[in-house]
Amino acid sequence: MKKLKEILPGFLVCLVIGLLAQQIAQFFPSIGAALFAIGIGMLAGNTFLNNDIFNIGTKFSESRLLEYSIVLTGLTLHLADIMGIGFEGVGFIAIQMTLTICICYFIGKKLGFSKKFSLLMCAGNAVCGSSAIGTVAPIVDADSKDKGISITIVNVTGTILMVVLPFLTALLYNHETLRTSAMIGGTLQSIGQVIASAVMVNGDVVEFATIFKIVRIIFVVFVAISYSRINLEEHQSLFAKKKGISAKVKAKVPWFVIGFFILSLIVSTGIIPTVISTTAKMISSQFEIIALAAIGMRVKFKDLIKEGPKAMLYGCLTGGSQVVIAFILIALLFH
């Protein structure tokens with residue numbers, strides 16, 4: 001009961017913002033409720049609703065509701081739909097992640113950041129934002145300061161790209177589903193940002209961008225294992241022989257990814273009535289809008305200023321590189 005009371009203020013605020021955004025979007029259908037939810041959330045969260053009492057509820061709305069939304073999306077997709085990204089899609093993600101890690105690390109070292117901080121930035125940008133950073137931080141023995149700054153920069157970079165990519169993909173691909181989904185799902189840092197950006201395009205892109213992102217999330221296990229084998233000494237090569245025992249890897253596939261595949265498998269059998277799939281899609285959409293309001297509420301302008309221009313430059317250069325890499329790979333793999 002105490003936990004519920006802590007969640008309610010932030011959740012109710014996000015719910016109201018989400019409902020308001022949907023009402024406003026009826027007058028501006030070309031913009032859509034997603035952008036309004038994020039915008040109103042950012043405005044409110046940095047002004048009259050900038051209060052710690054809302055923090056627990058907004059965090060719940062941003063993370064848990066999106067996880068529930070992803071699981072429910074499984075009720076709307078057959079396994080055949082998921083396989084629609086093909087081997088090219090999986091290959092795209094693998095190459096995109098590998099190149100992102102390499103380039104992000106190179107940029108970090110050129111800007112003078114430490115090896116451990118650069119590795120945190122690599123994981124956060126290549127895989128799944130703050131959750132990936134949380135996974136690899138103990139493996140590289142990162143301190144709390146580096147962890148906090150990297151999470152902030154990765155989230156800020158993702159928030160900027162989240163708004164930019166729908167417009168960019170309209171110019172590049174005229175919002176063709178597969179390539180637009182690959183760009184959004186293959187570059188954005190967190191699952192929330194992927195869904196938020198895809199919602200600004202259309203429902204098909206939401207589904208396929210989520211699939212691309214889920215493949216990235218699954219790959220966090222391989223990233224964690226790789227990190228456990230590298231040399232963390234500041235003035236030695238990453239691949240130099242390590243002294244002592246390798247760090248213990250504690251990485252696993254998130255529960256919502258497993259739930260997504262289980263429900264998709266059940267739907268593929270044909271035993272689930274259409275009305276259940278339709279209802280799941282409607283509930284999932286509402287969870288998404290509430291979560292987007294929470295994402296906006298949790299973007300604090302003071303955090304952007306505090307980290308300074310050098311850290312922000314690191315984030316922007318990495319994000320820009322990801323988009324360029326994705327553009328080239330999409331041109332090569334998705335004809």
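Just so you know, these numbers use all the heavy atoms, side chains as well, and skip hydrogens, waters and symmetry mates.
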message: Do V90 and F219 have side chains that approach each other closer than 4.5 Å (heavy atoms only, starting at C-beta)?
response: yes
query: Side-chain heavy atoms under 4.5 angstrom apart, residues restricted to Ile, Leu, Val, Met, Phe, Trp, Tyr: same cluster for V215 and M83?
result: no
message: According to salt bridge (charged side-chain N to carboxylate O under 4.0 Å, His left out), does anything in residues 91-101 pair up with another residue at least two apart or in another chain? List the pairs.
response: none
message: Do I217 and V127 have side chains that approach each other closer than 4.5 Å (heavy atoms only, starting at C-beta)?
response: no
field: Partners meeting side chain to side chain contact (heavy atoms under 4.5 Å, CB included) with A294 (sequence neighbours left out)
entry: C14, T58, S61, E62
- prompt: Could you go step by step and tell me if I40 and I24 meet the side-chain contact (heavy atoms from CB on, under 4.5 Å) rule?
  reply: CA-CA 11 Å; I40 297 170; I24 297 174; 3.9 Å; yes
query: Between the main-chain N or O of I283 and the side-chain N or O of Y68, is there a donor-acceptor pair closer than 3.5 Å?
result: no
task: Please report the shortest heavy-atom distance between I103 and I325, naming the atom on each side.
output: CD1-CD1, 3.3 Å
query: Donor-acceptor pair, Y314 side chain versus C104 backbone, under 3.5 Å?
result: yes
Inter-residue atom distance Q96.CD - L333.CG, 0.5 Å rounding: 10.5 Å
message: Is there a side-chain contact (heavy atoms from CB on, under 4.5 Å) between L172 and F167? Walk through the geometry before answering.
response: CA-CA 9 Å; L172 294 176; F167 299 100; over 6 Å; no
message: Tell me whether I266 shares a hydrophobic cluster with V71, the cluster being built from Ile, Leu, Val, Met, Phe, Trp, Tyr side chains joined at under 4.5 Å.
response: yes
- prompt: Taking only residues two or more places apart in sequence or in another chain, which ones pass side chain to side chain contact (heavy atoms under 4.5 Å, CB included) with Q22?
  reply: L19, A33, Q286, I289
Name of the residue among I93, I95, L99 meeting side-chain contact (heavy atoms from CB on, under 4.5 Å) with M97: I93
message: If we ignore hydrogens and angles and just use 3.5 Å, is the side chain of H175 paired with the main-chain N or O of P166 as donor and acceptor?
response: yes
Backbone N/O of Y173 and side chain of E176: donor-acceptor pair under 3.5 Å: no
message: According to side-chain hydrogen bond (donor to acceptor under 3.5 Å, both in side chains), does anything in residues 100-128 pair up with another residue at least two apart or in another chain? List the pairs.
response: K109-E234, N125-Q189
message: Using a 3.5 Å distance criterion without hydrogens, assess whether the side chain of T180 forms a donor-acceptor pair with backbone atoms of T177.
response: no
message: For L332, is the CG atom crowded, meaning more than 12 foreign heavy atoms sit under 6.0 Å from it?
response: yes
- prompt: Rounded to the nearest 0.5 Å, how far does OH of Y227 lie from CG of L119?
  reply: 4.5 Å
message: With heavy-atom distances below 4.5 Å as the criterion, would you say the side chains of I133 and V154 are in contact?
response: yes
query: From M200 CE over to L292 CG, what is the distance, rounded to the nearest 0.5 angstrom?
result: 7.0 Å
Co-membership, hydrophobic cluster, residues F60 and W255, 4.5 Å side-chain: yes
- prompt: How far apart are the closest heavy atoms of V194 and I184, and which atoms are they?
  reply: O-CG2, 3.6 Å
statement: CD1 (I272) and NE2 (H78) are apart, to the nearest 0.5 Å, by 10.0 Å
Closest approach of I330 to F92 (non-hydrogen atoms, all atoms of both residues): CG1-CE1, 3.9 Å
- request: Go through the steps to decide whether F260 and L72 satisfy the test side-chain contact (heavy atoms from CB on, under 4.5 Å), and finish with yes or no.
  value: CA-CA 7 Å; F260 170 86; L72 288 173; over 6 Å; no
message: Does F334, at its CZ atom, have more than 12 non-hydrogen atoms belonging to other residues, nucleotides or ligands within less than 6.0 Å?
response: yes
field: For V323, all residues meeting side chain to side chain contact (heavy atoms under 4.5 Å, CB included), sequence neighbours excluded
entry: L161, L165, L168, M183
query: Do I262 and I271 share a hydrophobic cluster (ILVMFWY, side-chain heavy atoms under 4.5 Å, transitive)?
result: yes
message: For L188, is there any backbone N or O sitting under 3.5 Å from a side-chain donor or acceptor partner on R216?
response: yes
task: If a pair satisfies salt bridge (charged side-chain N to carboxylate O under 4.0 Å, His left out) and one of its residues is in residues 34-46, list it, with sequence neighbours excluded.
output: none
- prompt: Are F222 and F87 connected in a single hydrophobic cluster, I mean Ile/Leu/Val/Met/Phe/Trp/Tyr linked by side-chain heavy atoms less than 4.5 Å apart?
  reply: no
field: L65 backbone acceptor or donor facing S69 side chain under 3.5 Å
entry: no
- line: Correct closest heavy-atom pair for I53 and P9 would be O-CB, 3.9 Å
message: Once rounded to the nearest 0.5 Å, what's the spacing between atom CD1 of I258 and atom CD1 of I214?
response: 11.5 Å
query: Just by modelled atom types, is the I160 backbone N or O under 3.5 Å from a matching donor or acceptor in the Q193 side chain?
result: no
query: Is the shortest heavy-atom distance from the side chain of F48 to the side chain of L43 under 4.5 Å?
result: no
message: With rounding to the nearest 0.5 angstrom, report the CZ to CD1 distance, R64 to I7.
response: 9.5 Å
field: F54 six-ring centre to K59 NZ/CZ under 6.0 Å and within 45° of normal
entry: no
message: Can you confirm whether T157 sits close enough to T318 that some side-chain heavy atom of one is under 4.5 Å from a side-chain heavy atom of the other?
response: no
- prompt: Which heavy atom of V205 sits nearest a heavy atom of V201, and at what distance?
  reply: CG2-CG1, 3.7 Å
query: Under the 3.5 angstrom rule, does the side chain of E67 hit a backbone N or O of F256 as a donor-acceptor pair?
result: no
K281/E207 ion pair, N-O < 4.0 Å: yes
field: Non-hydrogen atoms of S284 and T73 that approach each other most closely
entry: OG-OG1, 3.5 Å
message: Can you confirm whether I101 sits close enough to F106 that some side-chain heavy atom of one is under 4.5 Å from a side-chain heavy atom of the other?
response: no
- prompt: Is V267 close to I276 at the side-chain level, that is, under 4.5 Å between some pair of heavy atoms?
  reply: no
message: With heavy-atom distances below 4.5 Å as the criterion, would you say the side chains of I17 and I290 are in contact?
response: no
query: Does S150 use its side chain to pair, donor to acceptor, with the backbone of F117 at less than 3.5 Å?
result: no
